[in-house]
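Fair warning: this is a prediction, and the values are worked out from it, not measured in the lab.
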Amino acid sequence: SPFIGCNELETVVLSSSLKEIKSTVFGDCINLKNISIPEGIEYIGYAAFTRCEKLTEIKIPSSVKTIEQSAFSGCSNLKKLTLCEGVENIRAFAFAHCTSLESVVVPESVNEIGPHAFVNSTSMETITISNPECNIGNFAQTIPVETVIIGYSNSTAQKYADKYKRAFTPSLGEYIPSTPDQPATP
């Protein structure tokens, strides 16, 4: 990749005509502070921004469907993550070792939070999982031990919290799964 390990790179503005951010393209750009991901990007590749240690916030637009494995892993100063409605998949280790991340709201459009997606993101106080049927990686480290999980009662978020003995707050209400006669109601 032409920018991997580019220590002088501080700001990146991507064209809205791009459809994907390739694997490792900005990996190890340790001085990258600002990245603007425009609407139109659909895919963020493997380790695309891994270890961009000066990034403090990132907004993932609604056009992005997949955040690939380790995409933002090791972004140790990332405090604010905004995931827009439209994102569908957060792959394994996508935000691992983001030790400054404070809280995350996972929109209803997200169907998958991959294994270890937020492992060692130890400052994360809360994660809100808005999709009551979201598939959450079946590992104790997918969501940090310290993190309070917020979601619907009877949801996959509550099942994950119960299985791994995590704090859970059902502040989104009760989820009633669909039956052949009745649609699901969050």
Side-chain angles (χ1 to χ4, degrees), residues 12 14-27 35-50 52 55 57-75 78 80-98 101-119 121 124 126-139 141-144 147 149-161 163-164 168 170-173 175-178 183-186:
V12 172
L14 299 170
S15 168
S16 60
S17 65
L18 286 174
K19 293 296 177 207
E20 68 179 74
I21 299 172
K22 302 271 188 198
S23 295
T24 69
V25 70
F26 297 106
I35 176 74
S36 175
I37 301 175
E39 195 66 45
I41 300 282
E42 298 172 1
Y43 178 83
I44 299 175
Y46 168 80
F49 297 97
T50 193
C52 289
L55 273 180
E57 65 179 271
I58 192 79
K59 179 180 179 184
I60 309 295
S62 62
S63 59
V64 172
K65 300 305 172 211
T66 299
I67 303 167
E68 198 51 76
Q69 185 171 332
S70 302
F72 294 91
S73 179
C75 292
L78 183 64
K80 184 176 181 188
L81 169 64
T82 304
L83 298 166
C84 292
E85 184 69 36
V87 175
E88 295 176 1
N89 302 297
I90 300 170
R91 300 281 194 233
F93 298 97
F95 297 97
H97 312 289
C98 292
L101 197 56
E102 295 172 346
S103 67
V104 175
V105 175
V106 179
E108 189 176 354
S109 57
V110 173
N111 299 313
E112 174 197 20
I113 299 172
H116 309 289
F118 294 97
V119 67
S121 294
M124 193 163 61
T126 61
I127 184 169
T128 302
I129 301 174
S130 304
N131 178 349
E133 296 181 350
C134 184
N135 181 16
I136 303 168
N138 195 15
F139 292 90
Q141 299 85 8
T142 297
I143 297 170
T147 304
I149 301 168
I150 300 170
Y152 290 98
S153 61
N154 301 315
S155 66
T156 54
Q158 183 175 22
K159 289 176 185 149
Y160 177 91
K163 180 175 184 174
Y164 296 110
F168 179 78
S171 61
L172 297 183
Y175 173 65
I176 301 168
S178 64
T185 55

Item checked: Verdict with supporting geometry, Lys22 and Glu20, salt bridge (Lys or Arg N to Asp or Glu O under 4.0 Å) -> CA-CA 6 Å; Lys22 302 271 188 198; Glu20 68 179 74; 3.5 Å; yes
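- In terms of heavy atoms, Ser109 sits closest to Cys84 at OG-O, 4.3 Å.
- Side-chain contact check for Leu14 versus Ile35: some heavy-atom pair is nearer than 4.5 Å.
- Smallest separation of non-hydrogen atoms from Glu108 and Glu85: N-OE1, 3.2 Å.
- Using a 4.5 Å heavy-atom cutoff, the side chains of Ile41 and Ile60 are not in contact.
- Taking Ser36 as the reference, nothing meets the side-chain contact (heavy atoms from CB on, under 4.5 Å) condition, with sequence neighbours excluded.
- Paired with Phe49 under the rule side-chain contact (heavy atoms from CB on, under 4.5 Å), one option of Val25, Ile58, Ile21 passes, and it is Ile21.
- Residues meeting the side chain to side chain donor-acceptor pair (under 3.5 Å) test with Glu68, sequence neighbours left out: Tyr43.
- Side-chain atoms of Ser23 come within 3.5 Å of backbone N or O of Tyr46 as a donor-acceptor pair.
- Every side-chain contact (heavy atoms from CB on, under 4.5 Å) that Thr126 has, sequence neighbours left out, goes to Ser103, Val148, Ile150.
- Panel note: side chain Ser16, backbone Glu39; no donor-acceptor pair is recorded below 3.5 Å.
- Rounding to the nearest 0.5 Å gives a distance of 6.0 Å between CD of Gln158 and OG of Ser153.
- For the atom pair OG (Ser62) and CG (Leu83), the distance works out to 11.5 Å, reported to the nearest 0.5 Å.
- With sequence neighbours excluded, the residues satisfying side chain to side chain donor-acceptor pair (under 3.5 Å) with Ser17 are Ser15.
- Annotation: side-chain contact (heavy atoms from CB on, under 4.5 Å) contacts of Ala71 (sequence neighbours excluded): Ile44, Ile67.
- Partners of Thr142 under the side chain to side chain donor-acceptor pair (under 3.5 Å) rule, at least two apart in sequence or in another chain, do not exist in this structure.
- Remark: the Tyr164 side chain and the Asn138 side chain contain an N/O donor-acceptor pair separated by less than 3.5 Å.
- Every residue meeting the ring-ring contact (aromatic ring centres under 6.0 Å, His included) condition with Phe95, not counting sequence neighbours, appears here in chain and number order: Phe72, Phe118.
- Here the side chains of Pro107 and Ser130 are not in contact, with every heavy-atom distance at 4.5 Å or above.
- Residues Pro38 and Ser63 share a closest heavy-atom pair of O-OG, 4.1 Å.
- A donor-acceptor distance shorter than 3.5 angstrom exists from the side chain of Ser155 to the backbone of Tyr152, with no hydrogens or angles considered.
- Not counting sequence neighbours, Glu88 has no partner by the salt bridge (charged side-chain N to carboxylate O under 4.0 Å, His left out) test.
- Asn154 has its side chain out of reach of Pro132: every pair of non-hydrogen atoms, C-beta onward, lies at least 4.5 Å apart.
- Of all non-hydrogen atoms in Ile129 and Cys134, the two that sit nearest each other are CG2-CB, 3.9 Å.
- Checking side-chain atoms of Thr66 against main-chain N and O of Asn89 turns up no donor-acceptor pair under 3.5 Å.
- Residues passing the side chain to side chain donor-acceptor pair (under 3.5 Å) test with Glu112, sequence neighbours excluded: Arg91.
- Annotation: side chain of Asn131 is in contact with side chain of Asn111 (closest heavy-atom distance under 4.5 Å).
- Around atom CZ of Phe168, more than 12 heavy atoms belonging to other residues, nucleotides or ligands sit under 6.0 Å away.
- Taking each heavy atom of Ala157 and Ile149 in turn, the nearest pair found is CB-CG2, 4.0 Å.
- For Thr147, the side-chain contact (heavy atoms from CB on, under 4.5 Å) partners at least two apart in sequence or on another chain are Met124, Ile127, Ile143, Pro144.
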